[in-house]
Each structure stands twice: as structure tokens, then as C-alpha cells.
Amino acid sequence: MVVRNAHNDVTEWDGEESGVEQEPELIARTADELVGDLNKQQSEAVQYRGAALLIGAGAGSGKTRVLTRRIAWILSQFGAWPSQILAITFTNKAAAEMRERLTALIGPVAQRMWVSTFHSACVRILRRDGKALGLKSGFSIYDSADSERLVKIIATEFNVDVKRYTPRSILGRISDYKNQLIGWRAQLAAYAPDFKPGSRNYRISKFDNVEELYAIIYAEYEHRLAMANAVDFDDLIVRTVELLRDHPDVADYYRHKFRYILVDEYQDTNHAQYVLIRELAGVDAGETPAPTATAAGRQGPAWVTVVGDSDQSIYAFRGADIRNIQDFEEDFPNAKTILLEQNYRSTQTILDAANAVISHNEGRKPKKLWTAVGKGEPIVGYAADNAQQEAVWVASEIARLHAEDGVAYSDMAIMYRANAQSRSLEEALINAGLPYQLIGGTKFYERKEIKDALAYLQAILNPADDVNLRRILNVPKRGLGARAESIVLEYARERGTSFFDALMHMEQIEDMPTRTAKGLKAFRDLMASMSAFARANINKPSDIVAEVLAKSGLLEELQKSVDPQDQSRVENLSQLQSTAAEYEQNTPDATLGGFLETTALVADSDQLPNGNEDSGKVTMMTLHTAKGLEYPVVFLTGLEQGTFPHSRSLEDTAELSEERRLAYVGITRAKRRLYITRAAVRAQWGQANEMLPSQFLEEIPDELIDWKRRETGSERMRTGWGDGDEFGGWDDEDDFSSGPTFGTASYGSYGSSHGSAYGSGSTGRWGSAAHRSNGSRSGSTYGSGRSSGTYGSSSRYGSHSSGTRGGRISTRHVTPKSGGTSMPVSSLQKDNGLNIGDFSIGDYVTHDQYGLGKVVDLQDKGRNSVITIDFGSDGVKRLMLRVAPIEKL
DNA sequence: GGTAAAAGACTTTTT
DNA sequence: GTCTTTTACC
């Protein structure tokens with residue numbers, strides 16, 4: 001193993017040198033390697049010595065870079081062990097990226113570090129120490145659908161009017177309680193002291209106090225979760241906090257283990273997560289550090305570094321509390337704040353727009369992003385008559401950029417507020433023959449067939465899991481309907497045991513129809529046999545998946561079906577099989593439980609190809625999913641009052657502020673070119689609505705925008721712009737109206753008039769979804785029959801290895817199902833997605849072959865940009881950026 | 001208990 | 001316009 005130090009020049013590190021796995025050694029980096037190429041603030045943040053550091057990192061300010069360098073700094077300069085570091089992100093993708101960059105920086109030891117999401121870190125803790133809370137091994141993690149199911153079961157039992165109090169809204173309230181660390185005992189004591197969780201036949205009689213209703217369902221929900229040996233998403237955090245608070249020995253262990261805690265996207269933490277950090281760090285544990293400490297040492301609270309940008313807080317709806325970051329300096333003693341305001345991503349024009357929009361938010365700390373990149377091109381605006389036309393224009397602009405300017409499809413992204421907006425855009429791209437990938441929508445692991453298969457696995461692993469067991473009782477159909485279920489359930493409730501227990505003792509149930517008894521026995525035997533198989537092969541999850549798919553009849557039922565949608569379901573199941581095989585291959589100590597965990601904690605954004613991969617496709621996603629990403633060209637669509645900002649946020653200042661931050665996030669995703677579009681008429685759930693321009697458009701200084709079409713046809717006629725008599729304006733596309741300021745009637749006041757006009761509108765002309773093939777939006781078999789040739793080589797990239805987890809990427813291409821072996825992505829790459837604008841002279845990079853190098857020259861030739869790198873002993877090389885196997889450090 | 005047709009709800013954003 | 005849930009009938 002090669003160690004780098006101050007006097008070694010760059011040394012070759014040949015990853016293939018040893019067949020035997022060794023204890024990976026830490027690559028020690030010199031101070032100059034870690035901060036030599038950083039700006040003053042970045043460098044200060046990397047080196048800061050102190051117990052609490054807040055890095056206020058504006059969009060594109062090199063946040064991840066600072067974070068990874070700081071970790072390397074702590075290791076090499078503070079003398080910390082890799083095992084003493086806990087780095088937390090929100091998404092798996094961010095965690096994977098950080099780990100990857102750390103590996104490049106400090107070597108393979110990074111693979112073993114705690115670099116993970118809040119949720120998976122907590123799972124890890126709970127798996128190890130959850131026994132103290134009564135969690136048995138193999139506990140289930142309920143996703144929101146499972147939780148909703150459970151709430152619905154409870155609410156129905158309690159005779160709650162689920163039309164009025166939907167399971168979702170009840171669950172939302174429960175989630176709020178949890179995020180605030182308000183326990184069910186407290187709620188029960190306050191609002192329903194007479195209720196005992198688990199007691200039968202309790203009826204909520206009076207509805208004059210909704211708090212009582214919530215308190216009771218909350219308590220019962222928690223009770224059932226405990227019975228089922230299950231936790232929900234929020235519990236992962238909450239129960240870990242509980243563990244640390246109530247079990248000093250456990251808390252002690254982690255407090256002395258993690259001496260440095262780093263949290264990314266701190267503005268998105270909720271109260272529970274905030275407390276978790278405090279507990280883990282031992283801020284309130286009362287230990288005092290050695291007075292002369294220059295590092296976290298062994299005693300006293302761990303050193304906490306948080307990185308965030310309050311202007312990018314967009315998850316308040318999920319409980320994120322912006323005060324966590326705003327109050328950091330008061331919350332953590334002797335906290336230091338360092339602001340990173342230099343942006344390395346976008347042009348000044350784009351930043352000016354972002355700054356202008358965000359400045360309309362009240363009560364924020366002023367912050368101004370700036371860049372050395374230069375002014376760049378103006379923002380391009382377009383006002384369409386309707387959503388379809390907007391989509392067609394976006395598609396044509398993408399085609400033009402690709403053809404005329406050589407912009408790679410993968411360098412362009414279309415963003416929108418809500419998933420529902422993707423439809424018309426998708427259609428336009430299909431019609432234009434443009435390759436795309438859509439992120440989000442119905443997630444892979446939320447599909448029915450996948451959830452069914454996972455329910456079997458979960459029930460095998462954790463028989464007490466009532467929700468999953470009951471889910472599969474009659475899936476596939478085996479003649480065990482509501483009646484059979486209720487017989488078993490009744491017995492279970494009488495005896496206060498689980499559904500599983502009741503099933504095991506079904507012989508004692510009286511008055512059971514023979515047919516039902518037969519069916520139940522068959523089901524029980526099936527589960528028993530699969531369970532035996534699983535026990536015998538517990539570290540071969542892919543074999544267990546295969547067994548379940550075959551024995552359960554899930555696969556058979558779908559294969560027999562004539563419904564074309566079921567065909568794609570079969571494919572999805574086979575993909576699940578591949579994912580399991582992949583997991584098994586990549587995980588040394590693979591278990592069924594471990595596999596289920598990976599399926600439980602995935603997000604849409606995890607589905608995105610990371611950095612250096614060129615998907616060859618335009619990316620479409622919601623603004624929320626886009627956070628943390630960047631693209632040379634960004635289309636921000638649907639800038640209308642009611643669409644964006646969303647209608648539900650128009651009346652509330654706080655919510656409107658969040659929408660504005662979302663706009664800020666969207667704008668700052670763009671590196672070179674930003675497009676903003678809107679539609680005058682947009683159909684939502686079948687109805688065409690007339691939409692006013694988004695107020696955010698008005699907040700962008702007019703001189704920054706080059707309007708290709710400023711007003712729509714109908715607006716011009718109404719406002720008398722041009723000649724009233726003429727039918728001017730109905731012609732679309734190349735209408736380069738360059739009129740003076742246009743803020744007349746239609747741009748006047750937004751507030752109250754929104755949504756009042758219901759245009760009979762001209763929608764529909766652009767064709768309805770006639771050719772959407774099978775109604776399934778799953779995409780895997782999406783219109784495979786039509787003209788696949790048009791889509792170039794993108795099929796080769798279809799669903800590559802890293803793309804089998806979570807979320808959906810739909811493309812027009814059928815994923816080639818060749819056994820599930822993953823192809824090495826690198827060999828397929830034609831374009832690594834790197835951008836010349838991201839490099840500056842003096843940057844360090846690693847090359848797959850030559851190792852570490854320093855950038856000495858850059859030639860911006862668009863797609864053919866050349867980067868010149870000094871690799872020390874290997875000489876100075878000129879490389880074509882787009883194909884160079886390099887990574888920026 | 002299973003199937004098909006009809007009604008109804010739904011859209012923010014997600015770990 | 002789509003997806004889920006309810007209802008009517010076999």
C-alpha cells in the first residue's frame with residue numbers, strides 16, 4: 001500500500017496489486033494538497049479547530065469539496081482515526097458521492113467509514129443496540145405506504161370517519177409529533193388519559209376534540225408497530241434519540257466513538273435530527289474537554305461541523321426546521337461561522353437572478369453569491385399558450401442546442417415543481433425523438449408487485465410483522481379474502497397476539513369453514529417452507545428472492561396474465577432479483593435483512609447516474625430532486641402562479657418563502673444557460689386553467705432575461721398589445737416579441753385574482769395522450785414497438801448497474817434483461833460529463849492511470865475542451881476532457 | 001370470494 | 001386524466 005506524504009512525489013497506486021484484502025491504510029495528505037487550491041474561506045473552513053463550526057455554503061460554493069477536505073484534514077492534521085468520524089448526508093447519493101471523493105483523497109479506508117444518511121446511520125445503530133428498546137433483530141422498516149395502511153386499519157377499527165380524517169392526514173400529524181420528539185405518552189396524558197393502547201373495543205365517541213383522536217391513534221399506532229417489531233421512517237431517528245437518552249451505556253459508547261461529526265444540508269434537519277446530533281456529540285453530557293485541546297481528543301463533546309445554506313431549505317413540509325441552522329451559533333457553545341460565497345458553478349447572470357429572487361424573502365441573513373466566471377449568456381424566457389406548447393418549445397430548443405451548439409443531451413435538464421407536470425414534457429420529447437430519463441414518480445420499490453415480493457421477504461424475516469403478513473395473505477389469490485383474514489385477526493386480538501401467532505394456532509379457532517382452514521393451512525405451510533429455506537440460506541438473499549418468487553406464485557400469476565402491464569411487472573420482479581444478486585455480490589456479509597434495508601431507504605435522487613457517467617439523455621425531475629445537482633443547461637418550466645409557486649402556498653408567507661427558496665435552488669442548478677418558461681393555460685386533473693405568470697418571474701431583473709416570447713396570444717389580445725383588430729399572436733414559436741416593458745394588466749396584481757379565470761382555453765389541440773402506450777407510467781416497456789432507432793445509442797445505457805436501486809428512470813427503452821450481471825460502466829462511456837468550467841488552473845485531479853496531477857492549462861472548446869495536466873514523474877499530458885478518466889479533487 | 005365496471009379522489013415537494 | 005376504492009353481480 002502506498003502512502004503519500006510531504007516528501008514523496010506522487011506515487012503510483014495500482015489498485016490491482018494485491019489479491020488478498022489488507023487492512024486499508026490511510027493516505028496522509030499534505031496541508032498543501034488539502035488546501036493549496038482552495039480560496040481563503042474554504043481553506044479556513046477546512047482547517048478550523050474548534051468544537052462547533054457552521055459552514056454557510058451558498059449554492060455551488062464547493063461545499064462537498066470543503067467537507068471532504070476537512071475530513072481528510074482532521075485525519076491527517078488532527079491525528080484522528082477514520083473510525084472516529086461520522087459524516088451524515090440526507091440522500092444515499094450524496095453519501096456515495098462523498099465516500100467516493102474521500103476514497104480518492106485518503107484511500108480505500110474511506111470505504112469503511114461511517115459516511116451515510118441520517119436514516120441508514122440510525123438503522124445501523126438500532127441494529128446493533130435496538131435490543132435495549134425492545135427491537136428484535138430483523139425488525140421491519142415501514143415506508144409511508146405501510147404506515148398508512150396501519151393507520152387506516154386502526155382508524156377503521158376505531159370507527160373514525162376516514163373520509164374526514166384520512167389516514168394520510170393522521171399519519172402526517174403523527175409524523176409531526178415524532179419530528180418534534182413529542183411522545184405518544186405525553187399526547188395521551190394530555191388528551192385521552194383513559195385510553196390504553198392495545199385495548200379492544202374502544203370507540204372514540206365524541207369528536208369535539210380532534211387532539212384526542214390523534215392522540216389515541218398515535219398511541220395505538222405505536223403500540224402496533226411495537227407488536228409488529230417494526231419502525232417507520234421517523235422512528236429511525238426518534239427511536240435512536242430515545243436509545244441515546246435512556247441508555248447511558250449506549251450513549252457513552254457512541255459519544256466516545258464519534259469524535260468528529262459532520263452534517264451536510266444542515267438546513268434540512270428537523271428537530272429530532274438536531275437532537276440526535278446533539279446527543280451523539282454529547283453536547284449536553286457535561287463532559288469538559290481538556291483545556292488545552294487542539295483536537296476533539298477523548299473527552300468532552302465531539303467536534304461538530306455542519307454545512308448548509310438556509311436559502312436552500314426546501315423541506316419544511318417534512319418537518320425541516322430552518323431555525324436549526326439559524327440558531328446554530330446560540331445552540332453550540334463557541335460556534336464559529338464561515339461563509340462561502342464564491343460560486344464556482346454558474347455565470348454571473350444566473351447568480352444575479354438567483355440573488356434577486358431570494359432577496360425577496362424576509363428575515364434572512366443577507367448573502368450574495370458571486371463568481372469569477374463572468375456574465376455569460378442572458379437567461380432565455382418563453383411564454384407559451386399552454387403546457388403542450390411549452391413542452392414542444394422546450395423540446396425544440398433542446399434539439400437545437402444539441403444540433404447547433406453540440407450540447408450533450410446529458411448536459412441538459414428539465415425541472416418542474418410537481419411530478420404531474422412531466423407528462424406533456426415527456427410527450428414532446430418523445431415526439432421530437434429526444435432521449436430522456438425521468439427521475440421520480442412511482443418509485444421502483446413502491447410498485448405493487450415489488451412491495452408484494454418484499455412483503456414476503458419481510459414476513460419471513462419478521463413473522464410478527466402484521467402489516468406485511470396480512471398484505472400477502474391473499475396475494476396471489478388463494479381464496480383467503482376478508483372473511484378468512486378477519487377470523488384469524490379476531491382470534492389474534494382476543495389473545496393479544498400477532499397475526500402470525502394466531503395463524504400458528506389456527507387449529508384452536510372454532511367454527512372455521514373447512515375451505516378457509518384448508519387455505520390457511522396451505523398458506524402457513526408455504527410460509528414455513530420458505531422460512532426454512534431462508535434460514536438455511538440467510539446470507540444468500542438472491543437465492544431467497546428466487547425461492548419466494550417461484551414458490552409464492554407471484555411470478556406465475558403475472559406470467560400467466562394477458563394484461564400487457566403484467567409483462568412489465570414480471571420484468572420488474574426480475575429486476576428485483578438482479579438487485580438482490582448485485583447486493584449479494586457487493587456486500588461481504590450479505591444477509592436478507594441487509595438487503596431489505598437497502599430497499600427501504602432509497603430515494604429518487606439515488607437513481608441518478610453519478611458525476612462521470614454520461615447517460616446520453618436529457619434529465620427530467622422535480623426541483624426537490626434537483627437539489628445538489630448541476631447542469632450546463634437548465635429548463636425551469638411552469639413558472640406560473642399556482643404551479644410555481646404552488647397554489648397551496650400562495651396564501652402563507654412562510655410557505656411562499658419556501659417556494660422562493662425552491663426557485664433559488666432551481667436557478668442555481670444552471671451552470672451556463674438558464675431557460676425559464678411558463679404556460680398561459682395549464683390543464684390540471686382534466687380541467688384547463690388559465691394561469692398568470694409566476695411572481696418569481698417579476699422578481700428577476702428584466703435586463704437579465706431575453707424573452708423569446710413574452711406574452712401569449714390571448715394575453716396580448718386582452719391587453720391590447722399590438723393591434724387589437726389583428727389576429728396577431730396566435731402564431732406561436734418564432735415570435736420574437738421585443739416590446740418594451742409589458743407589465744400591464746396581466747402582470748399587475750397577482751395576489752387575489754389568481755385562479756379566478758377558468759379559460760375554456762385552447763388545450764386539447766396539442767393532442768391528448770393518445771399514444772401513451774399501456775397506461776402504465778412505469779416506462780420499462782414503454783412503447784417498445786415504436787421506432788426505437790430514433791433514440792440513438794441510449795439503449796446501451798439503459799438501466800446500468802448502479803441504476804437498479806430505487807426510484808424510476810423511465811426511458812423509451814426496454815432494459816435488456818441479460819441475467820442481471822452488471823456491466824462496467826466505464827467501458828461504455830463516451831463522455832464523462834466533466835465540464836471545463838469546473839476546472840481552474842491549479843486544481844488537483846486524479847487520473848485512473850497517472851494518479852494525482854495538477855491542472856496547468858485549460859482550453860475551452862466546448863465539447864472538445866482540452867485540459868493539460870502535470871502528472872509529476874509521468875510528465876505533462878494534454879487530455880480531451882470529455883474522455884479523460886480523471887476526477888477533480 | 002372473485003371479477004368487472006363505476007365512482008371517487010387526487011397532486012406538491014420525500015428520507 | 002389517472003389511480004385507487006367501492007359496488008354490483010357472478
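All chains are named by letter (A, B, ...) in the order of the sequence lines, taking the proteins before the strands, and each is independently numbered beginning at 1. On a predicted model such as this, the values are computed, not experimentally measured, just so you know.
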Assign [X] to base, sugar-phosphate, or nothing according to its heavy-atom contacts below 4.0 angstrom with the strands shown.
X        : result
A/Phe233 : base
A/Ala600 : nothing
A/Thr625 : sugar-phosphate
A/Phe644 : nothing

Side chains of A/Tyr142 and A/Asp465: donor-acceptor distance under 3.5 Å anywhere?
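On atom types as modelled, these side chains qualify, holding a pair under 3.5 Å.
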Would you please say whether a donor-acceptor pair under 3.5 Å links the side chains of A/Asn689 and A/Arg682?
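The answer is no; no qualifying pair exists.
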Rounding to an integer number of Å, can you tell me how far [X] [atom1] sits from [N] [atom2]?
X        : N      : atom1 : atom2 : answer
A/Arg168 : B/dA9  : CZ    : C1'   : 10 Å
A/Ile439 : B/dT15 : CD1   : P     : 12 Å
A/Leu656 : B/dT13 : CG    : C1'   : 15 Å
A/Arg471 : C/dT4  : CZ    : C1'   : 13 Å
A/Gln684 : B/dC10 : CD    : C1'   : 12 Å
A/Leu662 : B/dT14 : CG    : P     : 10 Å
A/Arg515 : B/dG2  : CZ    : C1'   : 12 Å
A/Arg478 : B/dG2  : CZ    : C1'   : 15 Å

Matching residue for A/His646 among A/Glu659, A/Glu655, A/Glu658, A/Gln641 - test: side chain to side chain contact (heavy atoms under 4.5 Å, CB included)
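Of the listed residues A/Glu659, A/Glu655, A/Glu658, A/Gln641, the side chain to side chain contact (heavy atoms under 4.5 Å, CB included) partner of A/His646 is A/Glu659.
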Proximity to the side chain of A/Trp685 - top-ranked nucleotide from B/dT15, B/dC10, B/dG1:
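Closest nucleotide among those given: B/dC10.
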From the options B/dT11, C/dT2, B/dT13, select the nucleotide whose nearest atom is closest to the side chain of A/Asn419.
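Within the option list, the nearest is B/dT13.
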Cationic tip of A/Arg239 above A/Phe139 ring, under 6.0 Å, 45° of axis
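No, A/Arg239 does not sit over the ring of A/Phe139.
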Does NZ or CZ of A/Arg318 lie under 6.0 Å from the centre of the six-membered ring of A/Tyr315, at an angle within 45° of the ring axis?
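Judged by the rule, A/Arg318 and A/Tyr315 form a cation-pi pair.
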Distance check: side-chain N/O of [X] vs OP1/OP2 of [N], anything under 4.0 Å?
X        : N      : result
A/Asn474 : B/dG2  : yes
A/Lys163 : C/dT5  : no
A/Thr622 : B/dT14 : yes
A/Thr91  : B/dT14 : no

Wobble G-U and Watson-Crick pairs count when both distances are under 3.5 Å; given that, what is the 5' to 3' dot-bracket string of DNA chain B, with | for pairing to other strands?
||||||||||.....
Assuming nearest nucleotide by heavy-atom distance, tell me which of A/Thr117 and A/Glu659 is located more 5' along DNA chain B.
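In this pair, the answer is A/Glu659.
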Reading DNA chain B from 5' onward, which residue's closest nucleotide shows up sooner: A/His624 or A/Lys477?
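Looking at DNA chain B, the more 5' nearest nucleotide goes with A/Lys477.
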Does the side-chain ring of A/Phe317 sit on the six-membered ring of the B/dT13 base, less than 5.5 Å centre to centre and under 30° in tilt?
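Answer is yes, a stack.
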By salt bridge (Lys or Arg N to Asp or Glu O under 4.0 Å) - contacts of A/Arg364 (at least two apart)
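With sequence neighbours excluded, A/Arg364 shows a salt bridge (Lys or Arg N to Asp or Glu O under 4.0 Å) to A/Asp311, given in chain and number order.
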Shortest non-hydrogen contact from A/Asn462 to A/Ser140?
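Scanning both residues completely, I find the closest heavy atoms to be ND2-OG, 2.8 Å.
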Please examine the side chains of A/Leu520 and A/Met512, heavy atoms only from C-beta on, and report whether any two atoms are closer than 4.5 Å.
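They are in side-chain contact.
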